Amino acid sequence: QVQLVESGGGLVQAGDSLRLSCAASGRTFSSYAMGWFRQAPGKEREFVAAIRPSGGTTDYADSVKGRFTISRSNSKNTAYLQMNSLKPEDTAVYYCAGRRVATIVRVARLWDYWGQGTQVTVSS
């Protein structure tokens with residue numbers, strides 16, 4: 001069983017930056033695709049970004065492309081989400097997700113492991 005623990009959320013102003021971290025337990029982190037999703041109040045969980053095990057391939061939602069960067073350190077069993085130029089509409093609970101296969105997908109139900117979430121609030 002893999003456990004994912006997010007950290008790094010908080011309250012920031014529009015235009016600020018935050019870096020989220022996702023620490024994973026287990027020995028097979030380097031074989032998992034990793035992703036970030038978010039859920040705002042009253043809305044469905046939506047895809048933000050994902051990265052393949054090697055880190056060579058990434059995918060981003062159009063709403064964050066050019067502002068957010070996903071990365072990973074397989075030696076540290078950690079995935080990251082660098083968020084720049086934050087907007088009030090980025091306000092949500094951000095969830096880290098892991099997938100036992102290498103391919104990255106945007107559909108939340110196809111991911112196998114989830115963290116507890118970390119709140120990101122962007123004020124205008």
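Note that the coordinates shown come from a computational prediction; the quantities given were computed from them, not determined experimentally.
- When every heavy atom of T78 is checked against every heavy atom of K76, the shortest pair comes out as OG1-O, 2.8 Å.
- The CG atom of L20 lies 8.0 Å from the OG atom of S7; values are rounded to the nearest 0.5 Å.
- R67 and S63 share no side-chain donor-acceptor pair at under 3.5 Å.
- Residue L86 is not grouped with residue Y80 when hydrophobic side chains (ILVMFWY) are merged at heavy-atom distances under 4.5 angstrom, including chains of intermediate members.
- Nearest approach of G9 to V120, heavy atoms of both residues: CA-CG2, 4.1 Å.
- No donor-acceptor distance shorter than 3.5 angstrom exists from the side chain of T28 to the backbone of S31, with no hydrogens or angles considered.
- Listed for the E6 side chain is a donor-acceptor partner under 3.5 Å among the backbone atoms of G117.
- Closest heavy-atom contact between Q39 and K43: NE2-O, 3.1 Å.
- A distance-only check finds a donor-acceptor pair linking the side chain of T91 to the backbone of V122 [under 3.5 Å].
- Taking 4.0 Å as the cut-off between side-chain N and carboxylate O, D112 and R100 count as a salt-bridged pair.
- How far CZ of R45 is from CZ of R109: 14.5 Å, rounded to the nearest 0.5 Å.
- To the nearest 0.5 Å, atoms OG1 (T69) and CG (L81) are separated by 8.0 Å.
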Practice problem: Let me see the working for F29 and R72 under side chain to side chain contact (heavy atoms under 4.5 Å, CB included), right down to the final yes or no. | Solution: CA-CA 10 Å; F29 175 83; R72 64 189 295 160; 3.4 Å; yes

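- Taking 4.5 Å as the limit, every side-chain heavy atom of Q82 sits out of range of all side-chain heavy atoms of F68.
- Hydrophobic clustering of Ile, Leu, Val, Met, Phe, Trp and Tyr side chains at less than 4.5 Å, counting indirect connections, keeps M34 apart from Y95.
- Counting heavy atoms from C-beta outward, V12 and T121 have side chains that stay 4.5 Å or more apart.
- Contact between P53 and S30 at its shortest, heavy atoms only, is CB-O, 3.1 Å.
- The two atoms that bring S85 and S17 nearest to each other are N-OG, 4.3 Å, heavy atoms only.
- Note that OG1 of T118 is 10.5 Å distant from OH of Y94, once rounded to the nearest 0.5 Å.
- Between D90 and K87 no salt bridge is recorded (no basic side-chain N to carboxylate O distance below 4.0 Å).
- Ring centers of F37 and W114: under 6.0 Å apart, within the cut-off.
- Under the disulfide (SG to SG under 2.5 Å) criterion, the residue pairs touching residues 17-117 are C22-C96, with sequence neighbours excluded.
- In Q3, the CD atom is not crowded: 12 or fewer heavy atoms of neighbouring residues, nucleotides or ligands sit closer than 6.0 Å.
- Listed for the R38 side chain is no donor-acceptor partner under 3.5 Å among the backbone atoms of F47.
- Between Y113 atom OH and Y32 atom OH the span is 4.0 Å, to the nearest 0.5 Å.
- In this structure, the side chains of I104 and R99 stay at 4.5 Å or more apart for every pair of heavy atoms.
- Linking Ile, Leu, Val, Met, Phe, Trp and Tyr whenever their side-chain heavy atoms come within less than 4.5 Å puts I51 and V2 in one cluster.
- Closest non-hydrogen pair, L4 versus A24, comes out as CD2-CB, 3.5 Å.
- Contact check for R19 versus N84: no side-chain heavy atoms found under the 4.5 Å cut-off.
- Pairs passing the side-chain hydrogen bond (donor to acceptor under 3.5 Å, both in side chains) check and including a residue from residues 52-61, sequence neighbours excluded, read D59-R106.
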